[in-house]
Amino acid sequence: MGASSKTAAGRFFEDFRLGERLVHATPRTVTVGDVALYAALYGARFAVQSAETFARAIGYQEAPVDDLLAFHVVFGKTVADVSLNAIANLGYAACRFLAPVYPGDTLSATSEVIGLKENSNRQSGLVYVRSQGFNQHGRPALDYVRWVMVRKRDPDAAAPQARVPDLPAVVAPAELGAACPAIDAAAYDFALAGSPHRWGDYAPAERIDHVDGVTVEEAEHQLATRLYQNTAKVHFNAFSEAQGRFGKRLIYGGHVMSLARALSFNGLANAFHLAAINGGRHVAPLFAGDTVFAWSEVLETAALPGRADVGALRLRTIATKNRPCGDFPRLLDDGYAPNVVLELDYWALLPR
Amino acid sequence: MGASSKTAAGRFFEDFRLGERLVHATPRTVTVGDVALYAALYGARFAVQSAETFARAIGYQEAPVDDLLAFHVVFGKTVADVSLNAIANLGYAACRFLAPVYPGDTLSATSEVIGLKENSNRQSGLVYVRSQGFNQHGRPALDYVRWVMVRKRDPDAAAPQARVPDLPAVVAPAELGAACPAIDAAAYDFALAGSPHRWGDYAPAERIDHVDGVTVEEAEHQLATRLYQNTAKVHFNAFSEAQGRFGKRLIYGGHVMSLARALSFNGLANAFHLAAINGGRHVAPLFAGDTVFAWSEVLETAALPGRADVGALRLRTIATKNRPCGDFPRLLDDGYAPNVVLELDYWALLPR
Amino acid sequence: MGASSKTAAGRFFEDFRLGERLVHATPRTVTVGDVALYAALYGARFAVQSAETFARAIGYQEAPVDDLLAFHVVFGKTVADVSLNAIANLGYAACRFLAPVYPGDTLSATSEVIGLKENSNRQSGLVYVRSQGFNQHGRPALDYVRWVMVRKRDPDAAAPQARVPDLPAVVAPAELGAACPAIDAAAYDFALAGSPHRWGDYAPAERIDHVDGVTVEEAEHQLATRLYQNTAKVHFNAFSEAQGRFGKRLIYGGHVMSLARALSFNGLANAFHLAAINGGRHVAPLFAGDTVFAWSEVLETAALPGRADVGALRLRTIATKNRPCGDFPRLLDDGYAPNVVLELDYWALLPR
């Protein structure tokens with residue numbers, strides 16, 4: 001016999017069918033081991049995820065894992081089926097966290113193809129998927145849409161009729177909070193949490209410089225990305241990437257999201273739960289050796305219908321590389337300020 | 001008082017006695033923390049080790065730890081007593097996995113000296129040991145032979161009569177499977193596992209390029225090797241190794257084995273259990289900065305006596321550095337193709 | 001709105017009040033995940049912390065976490081409130097370990113300001129704090145004093161009357177052992193522990209070269225320091241530190257302490273519990289790429305009142321960078337030998 005055909009080469013644009021449902025490998029049990037590694041990789045200090053005692057006191061059954069850890073684990077599963085042949089990961093929308101994830105939970109993932117649009121050059125096309133992560137009880141833990149530009153195997157392959165889904169610019173406040181149990185705000189210890197500032201202390205247009213910077217090493221982002229079982233080649237293979245677009249390994253965009261979230265503790269210490277991601281853009285690539293800084297703007301505040309325990313802040317967190325954020329670098333008329341790498345628009349919950 | 005004699009300098013060739021049994025320090029409890037680190041270091045995606053739910057569904061009491069993690073932990077214990085003064089780790093044989101290792105199990109190890117042969121230059125000699133790893137119930141978890149070339153402290157020291165053990169080239173199929181419970185193949189979800197290919201879908205001489213490459217960083221192999229409590233100096237000490245054979249730190253050979261095993265998921269996703277290692281050779285050294293690729297050849301297929309649930313593939317996995325394996329670099333008449341670093345001959349089990 | 005004032009800038013010298021009690025964020029549940037990472041970062045092999053079976057056999061309820069892991073977690077909490085604007089971390093004293101810390105325990109910390117002394121240049125001052133770590137039952141787990149030189153925000157700010165606390169040079173033997181349960185020395189397996197040497201086998205003035213060296217990578221010390229939720233900027237921010245005192249990131253001094261403690265296994269394998277730290281000095285900075293060596297001198301031996309199970313050794317461990325310790329580099333008349341980075345004076349317990 002000769003060369004095997006059992007190796008997965010990933011799906012190309014013409015392999016996707018509208019409405020198709022993809023069952024992703026591999027389910028993964030998230031444990032306190034992952035929680036410790038996540039702490040070591042990002043240094044987050046949000047009290048709910050850091051301490052059993054704190055989480056139980058306010059109403060969680062135990063300390064949940066960081067929301068973005070759950071996101072990355074689910075995202076990682078989708079890579080082999082959705083984006084192995086992607087040219088670019090273009091965006092996220094409508095990401096909702098639907099159930100707390102606790103150590104010991106097993107996450108699995110599926111995706112539905114909800115949009116397809118060939119590019120005019122016929123070399124590639126846009127693929128929109130709605131991905132869902134489930135826990136071991138079959139309960140949805142998170143749900144989000146992302147779109148990627150995927151190569152065609154054969155430029156002459158027929159393209160399906162274009163279909164671009166309608167995506168909400170913002171998750172509605174009424175859809176927030178499913179992953180957050182009723183909080184006993186009286187038991188929420190603001191001194192232990194590291195800040196006195198409640199939901200009501202923030203106002204739209206407030207800008208917060210998160211001050212600190214953190215330099216990323218190759219070993220760190222590789223450990224992180226493998227922890228999420230994300231197998232995208234560009235993150236791991238210096239030999240091939242030497243001939244690639246950037247000449248070196250590219251850091252997984254989700255790594256930047258987690259770094260920015262951890263940095264945001266300084267100024268947003270009580271924003272203990274990331275309830276939804278309205279949108280995210282990886283504006284520029286990040287490489288090992290770069291130092292990440294971040295700042296956030298409060299875009300909106302919202303009460304949650306029927307809940308007096310927590311309120312939501314809509315935040316836009318901007319991460320930069322090799323540029324402190326004391327002057328709040330932001331959108332320019334013609335694009336982003338130099339050095340901006342990430343714009344993340346999300347809802348976080350705080351005690352009222 | 002002066003300098004202490006309490007520091008262990010390791011055993012030299014003349015310190016070994018045929019038939020001697022060595023009790024190794026330190027027992028080690030393997031936990032979900034180790035499992036998470038192993039995931040982060042290698043990115044394995046085999047479903048049985050990744051997910052409680054998957055493991056339980058097919059018949060495991062819980063998700064076992066990766067077989068090579070157990071191997072490395074046991075191997076690590078033997079280093080201080082067997083190979084601290086080794087010039088080279090020459091080979092493995094007859095390695096059988098005898099019981100599943102679960103998080104919470106405590107592994108300890110002993111070795112018996114089964115062969116000794118002084119080299120003709122009288123500077124060193126070959127030491128053959130049969131090492132066994134036990135769990136906290138005293139049940140053997142794995143059993144293997146390795147041989148190393150060990151320095152003599154004193155070239156003039158008398159050498160024992162040469163004795164080289166007979167070692168099997170291949171572990172017999174009847175000896176496989178002790179660490180694999182009866183599998184409910186109907187409950188084995190091939191979609192979640194990431195591939196439709198069962199044992200019967202593979203045939204001898206089939207060659208599988210595992211496609212991906214992974215670059216190794218100093219921090220990664222050091223974290224791994226310490227995790228295994230392997231104290232061999234060459235892996236950690238850049239100051240001393242600057243004057244050493246390679247001028248830099250050498251990566252633990254077992255790290256390459258685990259990298260190759262993780263890469264082999266792409267093409268062998270259902271080879272969920274490594275049941276035996278027939279032999280292994282570290283053909284060339286690997287250093288930080290190198291990128292590892294791998295391919296596998298099916299050498300044999302074998303049914304397991306009395307078992308209709310799983311079958312065995314005898315595989316030869318070849319790992320290279322800085323050289324993709326699409327053309328299946330292999331043995332040459334006069335040795336290995338350039339860039340080959342590892343040849344591993346083993347039995348893996350798949351659902352039938 | 002404009003820039004937020006919610007970002008913590010850290011306390012300056014004039015912000016501290018004598019007798020003030022600081023409640024530190026963030027409580028943290030220590031798990032087997034942290035234990036695994038600690039193993040991977042330092043490679044410690046002390047049997048009590050490594051194996052459930054060993055720990056239970058001698059009288060622990062389960063395997064405790066490494067004493068220095070507990071120390072670093074508590075220390076990390078104090079950084080944001082005590083030393084974010086520190087110029088130097090000057091010393092430790094009177095550090096006692098008061099309760100074993102087990103996986104699952106949640107540690108929190110408070111500090112009391114016990115001394116203040118403005119420097120004559122009025123730019124900064126010394127702050128002495130007594131910090132305490134508590135477990136989830138409110139029981140003290142450790143207690144120590146440290147002093148740091150902290151910048152003033154405003155040189156003209158009034159300074160409090162100088163008060164320098166009396167600190168013991170050595171923790172008294174009667175104060176040792178609270179974190180060590182009664183040990184069944186008959187069940188202590190010296191072969192599994194890796195050395196036959198008991199407490200009574202050591203004598204004052206004995207010097208032990210720990211032989212091995214370990215090179216530190218940026219990714220390693222960053223992972224460690226974040227694991228402890230220590231946010232001191234100098235450890236993480238290569239961009240800012242390029243303009244800083246050293247031109248590069250500085251390694252957390254506690255990382256060196258843990259490296260030295262792990263190296264000390266070779267010669268002190270049965271020194272299973274670090275019962276107190278009498279003092280510690282970070283003599284020179286350590287940077288990534290440096291290789292750490294260590295040696296120890298036995299300063300005293302002491303029986304513990306009322307305990308026949310364990311005895312204490314007072315040890316001075318000296319760590320160097322890029323310099324093996326076979327000739328025991330030590331204090332010179334005019335300071336430390338070149339390359340010394342750490343002097344740690346502590347009590348360790350061994351079975352009698």
Side-chain angles (χ1 to χ4, degrees), chain A residues 1-10 22-38 40-41 76-77 80-81 103-110 135-137 217-220 222-233 235-242 249 288, chain B residues 31-47 50-55 63 103 189 191-195 197 201-215 217-220 223 262 265-269 289-291 293 296 298 321-324 326 328:
Chain A
M1 282 192 62
S4 170
S5 60
K6 296 189 175 70
T7 304
L22 307 169
V23 175
H24 304 300
T26 306
R28 185 164 182 331
T29 303
V30 177
T31 72
V32 291
D34 300 299
V35 170
L37 260 165
Y38 195 85
L41 288 162
K77 297 187 189 331
D81 296 315
D105 284 356
T106 299
L107 295 175
S108 59
T110 63
N135 67 18
Q136 70 277 19
H137 307 298
E217 299 296 319
E218 298 280 15
E220 292 170 354
Q222 292 198 150
L223 288 169
T225 310
R226 279 190 295 246
L227 189 71
Y228 314 137
Q229 297 177 317
N230 177 333
T231 58
K233 303 156 198 261
H235 308 316
F236 300 110
N237 189 330
F239 180 82
S240 301
E241 293 310 312
R249 282 166 281 179
Chain B
T31 71
V32 292
D34 300 299
V35 170
L37 259 165
Y38 195 86
L41 288 162
Y42 306 111
R45 288 179 289 152
F46 296 98
S50 178
E52 277 305 315
T53 47
F54 196 99
D189 186 323
L192 287 182
S195 159
H197 305 298
D201 296 327
Y202 291 85
E206 185 171 351
R207 296 179 300 173
I208 306 165
D209 174 20
H210 301 309
V211 181
D212 296 323
V214 58
T215 305
E217 300 295 319
E218 298 281 14
E220 292 170 354
L223 288 170
F265 178 86
N266 195 350
L268 289 164
D290 287 340
T291 301
F293 296 85
S296 297
V298 180
K321 60 180 175 186
N322 309 323
R323 182 196 198 292
F328 308 109

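Chain letters run A, B, ... following the sequence lines, proteins first, then strands; residues in each count from 1.
- For B:Val211, the part lying under 4.5 angstrom from a heavy atom of chain A is the side chain only.
- Top candidate by heavy-atom pairs under 4.5 Å with chain A, chosen from B:Gly43, B:Ala40, B:Ala36, is B:Ala40.
- Taking CZ of B:Arg207 as the reference point, atom OG1 of A:Thr7 lies at 12.0 Å (rounded to 0.5 Å).
- Heavy atoms closer than 4.5 Å to chain A are found in both the backbone and the side chain of B:Leu37.
- In this structure, the portion of B:Ala193 lying under 4.5 Å from any heavy atom of chain A is its backbone and not its side chain.
- Contact annotation for B:Thr53: both backbone and side-chain heavy atoms come within less than 4.5 Å of a heavy atom of chain A.
- When each of B:Gly33, B:Gly194, B:Gly213, B:Ser296 is checked for heavy-atom pairs under 4.5 Å with chain A, B:Gly213 comes out on top.
- Annotation: maximal heavy-atom pairing with chain B below 4.5 Å, among A:Glu241, A:Gln136, A:Glu218, A:His235, occurs at A:Glu218.
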Practice prompt. List the steps and the verdict of side-chain contact (heavy atoms from CB on, under 4.5 Å) for B:Asp189 and A:Val23.
Written response: CA-CA 11 Å; B:Asp189 186 323; A:Val23 175; 5.6 Å; no
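- When each of A:Leu41, A:Val32, A:Thr231 is scored by its heavy-atom pairs under 4.5 Å with chain B, the top score falls to A:Thr231.
- Contact of the B:Val214 side chain with the A:Arg226 side chain is registered, since non-hydrogen atoms from C-beta on lie closer than 4.5 Å.
- Taken from CG in B:Asp201 to NZ in A:Lys6, the straight-line distance is 6.0 Å, to the nearest 0.5 Å.
- Atom OG1 of A:Thr26 and atom CZ of B:Phe265 lie 4.0 Å apart (nearest 0.5 Å).
- Counting only distance, with no hydrogens or angles, the side chain of A:Thr106 and the backbone of B:Ala51 share no donor-acceptor pair below 3.5 Å.
- Of the possible polar contacts, one joining the B:Asn266 side chain to the A:Ala8 backbone as a donor-acceptor pair under 3.5 Å is found.
- For B:Phe293, the part lying under 4.5 angstrom from a heavy atom of chain A is the side chain only.
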Discussion item. Run A:Asn237 and B:Asp212 through side-chain contact (heavy atoms from CB on, under 4.5 Å) and show every step you take.
Written reply: CA-CA 8 Å; A:Asn237 189 330; B:Asp212 296 323; 6.0 Å; no
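- Of the inter-residue distances, the one linking A:Phe239 atom CZ with B:Arg323 atom CZ reads 9.0 Å to the nearest 0.5 angstrom.
- Atoms CG and CZ, on A:Asn230 and B:Arg45 in that order, are 9.5 Å from each other to the nearest 0.5 Å.
- Here the CG-OH distance, from A:Leu223 to B:Tyr42, works out to 10.5 Å after rounding to the nearest 0.5 Å.
- The most heavy-atom pairs under 4.5 Å with chain B, out of A:His24, A:Glu220, A:Gln222, come from A:Gln222.
- Each of B:Ala219, B:Ala191, B:Ala55, B:Ala63 has some count of heavy-atom pairs under 4.5 Å with chain A, and the biggest count is that of B:Ala191.
- Side-chain atoms of A:Gln229 come within 3.5 Å of backbone atoms of B:Ala44 as a donor-acceptor pair (strictly under, hydrogens ignored).
- Neither the backbone nor the side chain of A:Ala9 comes within less than 4.5 Å of any heavy atom in chain B.
- Not counting sequence neighbours, the partners of A:Ser108 by the side-chain contact (heavy atoms from CB on, under 4.5 Å) test are A:Pro27, A:Phe134.
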